[in-house]
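Report on one structure; see the data block that follows.
We're numbering straight along the sequence, starting at 1. Quantities reported herein were computed from a predicted structural model and do not represent experimental measurements.
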Amino acid sequence: MKRSCGKIILAAAVCAALFLSCDGLGFERSASLEIKLDTDSRVKTIKPELDLDIVSYDIYGSGPGEARFEAMGISAASYVREKLAVGDWLIYSEGKNAAGEVLVRSPQTSVKLIAGTTARVSLLCLPLAGSGQLTLSLSWPSDAVTTPAIEATLGVSGSEDAPTALTFEMTGGSSAAYTSGMALTNGFYVLSVKLKDAALSGHVLWSKVETVQIYKDKSTEETWALSASDLDDSYLPWLVLGLGSNTKTPVTVSLSGAAQELSAGGAMTVSATANPSASAWSWYLDGDSIPGASGSSLVTGAELAPGTAHSLAAIATSGDLAGSADAQFLIRMVSVSTVAGCGTAGAVDGSGATAEFNYPSGVAVDSDGNVYVADQYNNKIRMIDSADNVSTYAGTGATGQTDGDLTTAKFNLPSDVALDASGNLYVADTGNHKIRKITPSGTVSTLAGSGSPGSQDGTGIAASFSSPSGLSLDSAGNIYVADTGNHKIRKITPTGTVSTIAGSGSPGFADGTHDIAQFNQPADVAVDASGAIYVADNGNCRVRKILGENVSTVAGNGTASSSDGPALEASFNYPTGIELDSSGFIYIADSDGNRVRKFGPAGIVITLAGTGVSGSDDGPYSASTFSCPSRLAIDAQGNLYVPDMNNHKIRKITQ
């Protein structure tokens with residue numbers, strides 16, 4: 001089974017092989033380097049008066065001895081440099097605007113060049129270090145606000161630290177201003193501004209939540225000159241009713257169900273009540289009317305980006321009276337880190353930063369925080385302990401199917417691992433067409449599979465599989481198998497009896513009863529507490545669900561791409577891994593999309609991490625990169641572990 005990253009291509013004699021390009025083989029003492037270029041692309045709604053569009057990059061490299069190179073004026077998203085000296089190199093780039101001003105620079109990135117190969121590195125350019133100024137001005141109609149009060153905060157985008165309160169100075173009876181001086185560090189900030197009227201019990205008349213960019217030695221400025229219609233649209237509904245001087249007691253509105261914080265992709269149902277009862281409702285998110293929201297409750301949050309702050313308001317009208325209530329909430333930040341793997345293909349044990357893997361394909365996490373890795377091309381099962389030390393758990397490294405103890409057992413391209421409640425570790429031994437079992441005492445045995453490709457149900461070695469690749473267990477200890485080559489989902493009882501759960505055996509796409517449903521090289525499975533089975537249907541670029549005897553599609557339109565949105569409108573790019581958490585969220589390793597995706601009960605698919613560019617950058621979700629993420633595992637704290645196959649690393653997503 002050949003792979004081009006996430007897309008699985010079956011071949012008669014090869015199972016689960018991963019073929020990568022290897023340019024420059026004719027140069028025995030030189031190597032090539034492919035450099036991916038990118039800039040932090042977060043949307044800035046308030047930014048300095050400066051051309052921030054990057055039109056070209058200059059690339060600088062320093063290597064062994066006196067080896068150097070410069071590549072100037074690169075306008076493409078990638079650049080290839082050939083005939084470079086082998087050894088360790090440091091690479092960085094600078095981005096310029098049309099005027100030739102250097103605005104962004106990447107950190108220096110190290111890369112090892114090996115003779116006859118092409119190495120790849122991704123450079124993310126960030127604004128130059130320094131500090132700048134923020135200046136804000138706000139004015140409003142003098143007859144619309146009796147006792148004005150301004151509440152404003154500024155927080156670092158993506159930070160979990162509490163935002164800083166800003167103090168506006170009144171510059172007249174109906175205007176106010178704020179200036180920071182040249183004291184703000186370069187970067188992106190979340191600004192929240194509210195105009196209230198203390199005479200109306202502090203009701204919010206207008207609010208804004210904006211993303212602000214501060215740039216070195218520049219002033220970022222914004223002015224809001226509000227009219228009565230601005231206030232009408234944002235929380236002063238009695239003016240809408242033509243009651244400009246209305247002194248009646250407004251409607252009292254209360255909100256329930258509003259969370260202070262949501263995980264990325266999470267949703268909340270907010271309900272509003274009014275006294276006296278409301279005859280009509282309207283809702284606003286960050287000052288903008290929410291189309292179609294006219295009832296007393298609202299579901300929101302799933303579509304909002306991680307690391308952002310928001311304000312939700314409900315307005316109730318009752319006859320000629322009105323009132324409002326608002327709630328502020330955050331979407332938790334998502335970040336990516338490397339747990340283990342230096343990025344070079346190999347089999348070295350050791351500390352996380354020095355250990356090596358060779359196309360790791362699947363992971364499982366135990367209750368002590370140990371991570372087990374199906375190290376596919378090393379033919380080994382590795383273990384990463386809670387201190388991030390890597391050791392070989394089972395397998396000699398030689399290709400084979402020998403059972404026995406941990407040090408003599410052999411595997412053939414293991415693709416996935418899964419743990420049961422007793423600590424038994426199960427291995428999808430793809431190249432051997434078997435499911436293996438490793439007991440806590442260290443005995444490796446064959447649970448099921450004859451060793452020859454086939455689709456026979458039965459017990460133990462009387463059953464057969466064809467390139468089984470993904471595993472999951474239910475609470476009773478039954479093992480579910482993505483039988484990739486047979487286009488089926490199989491089940492193994494704890495005693496080794498194999499049956500077919502779903503799939504006709506012919507590649508294709510069809511929902512329906514389990515016997516007529518079709519899959520196309522299913523790559524992984526996950527089981528929830530109710531017994532529903534979710535399938536990463538690789539060749540169909542969809543997420544399927546098996547419930548009882550019926551198969552349905554729960555996400556993906558079948559197009560090989562990585563668009564977010566409502567589940568059945570979203571798309572996946574040859575998904576290879578799937579995992580569930582206890583809150584009902586589904587995580588997808590969107591392998592050819594170089595992303596990890598997420599969706600939940602609200603039915604909205606989001607990108608949890610990964611820009612889509614192939615790379616190995618850690619950091620905030622919006623700047624992180626992967627190269628063919630594969631079968632996932634989640635721990636009790638909600639951390640998601642990702643085998644980053646082409647980077648030879650195990651990554652962690654914290655959310």
Side-chain angles (χ1 to χ4, degrees), residues 40-46 152-164 187-194 207-213 255-271 283-288 290 293 297-314 326-337 562-567 570 581-588 590 595-612 618-624 634 637-640 652-655:
D40 192 325
S41 56
R42 278 179 280 186
V43 175
K44 290 78 67 176
T45 51
I46 302 177
T153 60
L154 188 70
V156 177
S157 178
S159 172
E160 296 183 357
D161 295 337
T164 301
F188 297 93
Y189 295 81
V190 176
L191 171 69
S192 172
V193 183
K194 297 178 185 178
S207 74
K208 275 291 182 183
V209 177
E210 307 275 19
T211 300
V212 176
Q213 182 175 11
L255 299 181
S256 61
Q260 292 185 332
E261 188 175 78
L262 291 174
S263 66
M268 60 183 178
T269 300
V270 182
S271 299
W283 294 81
Y284 294 80
L285 182 66
D286 302 332
D288 296 322
I290 301 175
S297 64
L298 177 76
V299 178
T300 189
E303 71 284 2
L304 302 175
T308 53
H310 301 278
S311 178
L312 178 69
D326 68 314
Q328 284 69 49
F329 63 99
L330 298 171
I331 307 297
R332 283 203 297 269
M333 190 57 182
V334 175
S335 60
V336 178
S337 60
S562 300
S563 61
D564 292 334
D581 69 16
S582 58
S583 299
F585 287 99
I586 302 172
Y587 301 86
I588 307 295
D590 198 16
R595 295 174 167 95
V596 176
R597 317 283 291 285
K598 178 181 180 180
F599 71 101
I604 303 295
V605 177
I606 67 166
T607 294
L608 185 67
T611 65
D618 291 332
Y621 80 102
S622 57
S624 61
I634 197 164
Q637 289 73 45
N639 299 307
L640 196 67
K652 181 169 76 171
I653 300 176
T654 304
Q655 54 176 331

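Here the side chains of L154 and P163 are not in contact, with every heavy-atom distance at 4.5 Å or above. In this structure, Y621 and M333 have side chains that are in contact, with non-hydrogen atoms separated by less than 4.5 Å. Between L304 and L285 there is a side-chain heavy-atom pair separated by less than 4.5 Å. In this structure, V596 and V336 have side chains that are not in contact, with every pair of non-hydrogen atoms separated by 4.5 Å or more. Here the side chains of T308 and T211 are not in contact, with every heavy-atom distance at 4.5 Å or above. Residues T300 and W283 are not in side-chain contact: their nearest non-hydrogen atoms beyond the backbone lie 4.5 Å or more apart.
Minimum heavy-atom separation, F585 to G266: CZ-CA, 3.6 Å. Listed here is the closest heavy atom pair of P306 and I331: CA-CG2, 3.6 Å. Closest heavy-atom contact between A309 and D286: O-OD1, 4.3 Å. The two residues S624 and G610 have their closest heavy-atom pair at OG-N, 3.1 Å. Between A267 and V299, the closest heavy-atom pair is CB-CG1, 4.0 Å. Considering all non-hydrogen atoms of both residues, G307 and V190 come closest at O-CG2, 4.3 Å.
Once rounded to the nearest 0.5 Å, the distance linking OG of S207 with CG of D288 reads 9.0 Å. Here the OH atom belonging to Y587 is positioned 4.0 Å from the CD1 atom belonging to I634, to the nearest 0.5 angstrom. Here Y284 contributes atom OH and I290 contributes atom CD1; the two are 10.0 Å apart, rounded to the nearest 0.5 Å.
Checking side-chain atoms of R595 against main-chain N and O of A609 turns up no donor-acceptor pair under 3.5 Å. Not one N or O on the side chain of S335 forms a donor-acceptor pair closer than 3.5 Å with the backbone of G619.
Residues that satisfy the side-chain hydrogen bond (donor to acceptor under 3.5 Å, both in side chains) test with N639, not counting sequence neighbours, are D635. By the ring pair (Phe, Tyr, Trp, His ring centres under 6.0 Å) test, F329 is found to be paired with H310, residues two or more places apart in sequence or in another chain being considered. Remark: E261 pairs with R332 by the salt bridge (charged side-chain N to carboxylate O under 4.0 Å, His left out) rule, at least two apart or across chains. S582 pairs by the side-chain contact (heavy atoms from CB on, under 4.5 Å) definition with nothing, not counting sequence neighbours.
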Can you list the steps and then say if L640 with D581 is a side chain to side chain contact (heavy atoms under 4.5 Å, CB included)?
-> CA-CA 10 Å; L640 196 67; D581 69 16; over 6 Å; no
Test log, rule side chain to side chain contact (heavy atoms under 4.5 Å, CB included), inputs K194 and V209 = CA-CA 9 Å; K194 297 178 185 178; V209 177; over 6 Å; no
All N/O donor-acceptor pairs, side-chain side in residues 597-605, below 3.5 Å, sequence neighbours left out:
residue, atom, partner, partner atom, Å
R597, NE, D564, OD1, 3.1
R597, NH1, S571, O, 2.9
R597, NH1, D590, OD2, 2.8
R597, NH2, S563, O, 2.8
R597, NH2, D564, OD1, 2.9
R597, NH2, S571, O, 3.2
K598, NZ, A264, O, 2.7
K598, NZ, Q655, OE1, 2.9

